[in-house]
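We count residues from 1, following the sequence as given. All of these numbers come straight from a predicted model, not from anything done at the bench.
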Amino acid sequence: MLSVEQTIPSKIKILIVDDRVDNLQLLSTILATYGYEVVESDRGSSAIKLAQANPPDLILLDISMPEMDGFEVCQVLKSKDITKDIPVIFISALREIKDKTQAFKIGGDDYITKPFNIKEVLLRVENQLKRYRLQLELQAKNCHLQQENSALLETENELLLLIERMIN
């Protein structure tokens, strides 16, 4: 497992969504320092377009934003095949249990309250990315096993036909 002190390969892309420029800059600087490719959005609607056009590996999402809040953004992303499996970490100043439970109910994978600790953010990002990579590996292995199973069934059917012909 990678530690906070290690550099992450630059191919890992994180979309940060926050209407406050200072939050975007701070998170972008932190994540870029650790080798992540960072994409920023200050609005929910543009974040959805960015995520669908070029899906990131992880999304850091603020809740309180004008036009479209983070809950709505997450719901849209989780409803689309291309973005439904991307981990979403909410980063919000909202500390109420109802906000946190709402975030998890609509598909959020983690929740960090502001002001945040840099090491905590990095470790939570790392944990979600690890989980996401394992999920993708499992999906790929399941797909491969299904293909192998189909091939075995086809071979079995061919053998049964051959045996039937030999008997008759």
Side-chain angles (χ1 to χ4, degrees), residues 1-17 27 31-32 34-41 43-63 68-92 97-112 119-168:
M1 182 162 125
L2 296 171
S3 69
V4 173
E5 289 77 24
Q6 291 176 301
T7 302
I8 313 296
S10 62
K11 297 225 180 234
I12 296 174
K13 183 177 14 170
I14 298 176
L15 172 60
I16 304 170
V17 188
L27 286 167
L31 294 169
Y34 284 89
Y36 293 106
E37 178 185 340
V38 178
V39 178
E40 300 176 359
S41 177
R43 289 185 327 225
S45 58
S46 64
I48 291 168
K49 289 176 188 170
L50 285 168
Q52 290 177 335
N54 193 1
D57 297 292
L58 184 128
I59 299 170
L60 293 174
L61 180 60
D62 185 29
I63 294 173
M68 183 179 215
D69 70 25
F71 293 137
E72 293 171 290
V73 173
C74 186
Q75 283 179 311
V76 171
L77 292 171
K78 294 298 181 176
S79 72
K80 307 291 181 189
D81 283 339
I82 194 164
T83 54
K84 71 180 180 184
D85 294 326
I86 298 170
V88 174
I89 300 176
F90 284 97
I91 296 189
S92 178
I97 293 297
K98 67 180 178 79
D99 298 312
K100 292 178 182 181
T101 56
Q102 176 69 12
F104 288 113
K105 260 186 198 175
I106 61 171
D109 297 280
D110 207 344
Y111 195 103
I112 301 169
K119 281 193 175 187
E120 178 186 7
V121 170
L122 290 168
L123 287 171
R124 287 178 185 258
V125 163
E126 180 182 305
N127 286 337
Q128 288 303 321
L129 286 169
K130 181 179 179 185
R131 185 189 64 76
Y132 183 52
R133 280 190 296 266
L134 289 172
Q135 180 182 356
L136 292 176
E137 287 175 20
L138 182 60
Q139 287 172 350
K141 286 179 182 180
N142 280 339
C143 183
H144 179 73
L145 286 173
Q146 287 174 347
Q147 290 170 348
E148 283 189 2
N149 192 40
S150 293
L152 285 172
L153 287 173
E154 189 176 316
T155 302
E156 180 183 24
N157 286 335
E158 290 172 5
L159 286 172
L160 287 173
L161 284 173
L162 184 62
I163 291 170
E164 264 185 45
R165 286 185 195 142
M166 291 172 66
I167 293 174
N168 295 333

In Å and rounded to the nearest 0.5 Å, what is the CG to CG distance from D85 to D57?
12.5 Å

CD1-CD distance between I89 and Q128, expressed to the nearest 0.5 angstrom
5.0 Å

If you compare all heavy atoms of L15 against all heavy atoms of A47, which two are closest, and at what distance to 0.1 Å?
CD2-O, 3.7 Å

Is the shortest heavy-atom distance from the side chain of E72 to the side chain of V76 under 4.5 Å?
no

Test: D109 and K78 ion pair at under 4.0 Å
yes

Inter-residue atom distance I16.CD1 - D62.CG, 0.5 Å rounding
11.5 Å

With a 4.5 Å heavy-atom cut-off, do N142 and L138 have their side chains touching?
yes

Apply side chain to side chain contact (heavy atoms under 4.5 Å, CB included) to R133 and I12, showing your working.
CA-CA 11 Å; R133 280 190 296 266; I12 296 174; 3.5 Å; yes

Note: M68 and S45 closest approach over all heavy atoms is SD-N, 3.9 Å

Measure across C74 and G107 and return the closest heavy-atom pair with its distance rounded to 0.1 Å.
SG-C, 4.1 Å

Working to the nearest 0.5 angstrom, can you tell me the gap between L136 CG and R131 CZ?
9.5 Å

Mind checking ring pair (Phe, Tyr, Trp, His ring centres under 6.0 Å) for Y111 and listing every partner two or more places apart, or none if nothing turns up?
none

Side chain to side chain contact (heavy atoms under 4.5 Å, CB included) test vs V73 passes for just one of I106, I48, I59, I63, namely I48

Heavy-atom closest pair, residues G70 and F90
O-CE2, 3.7 Å

Roughly how far apart are N149 CG and L145 CG, rounded to 0.5 Å?
8.0 Å

Smallest heavy-atom separation, A51 atom then P56 atom, equals CA-CD, 3.9 Å

Quick one: does P55's side chain get under 4.5 Å of I86's, heavy atoms only?
yes

Of V88, I14, D110, V17, the one forming a side chain to side chain contact (heavy atoms under 4.5 Å, CB included) with L60 is I14

From Q75 CD over to Q102 CD, what is the distance, rounded to the nearest 0.5 angstrom?
6.5 Å

If I compare all heavy atoms of L58 with all of V125, which pair ends up nearest, and what's the gap?
CD1-O, 4.0 Å

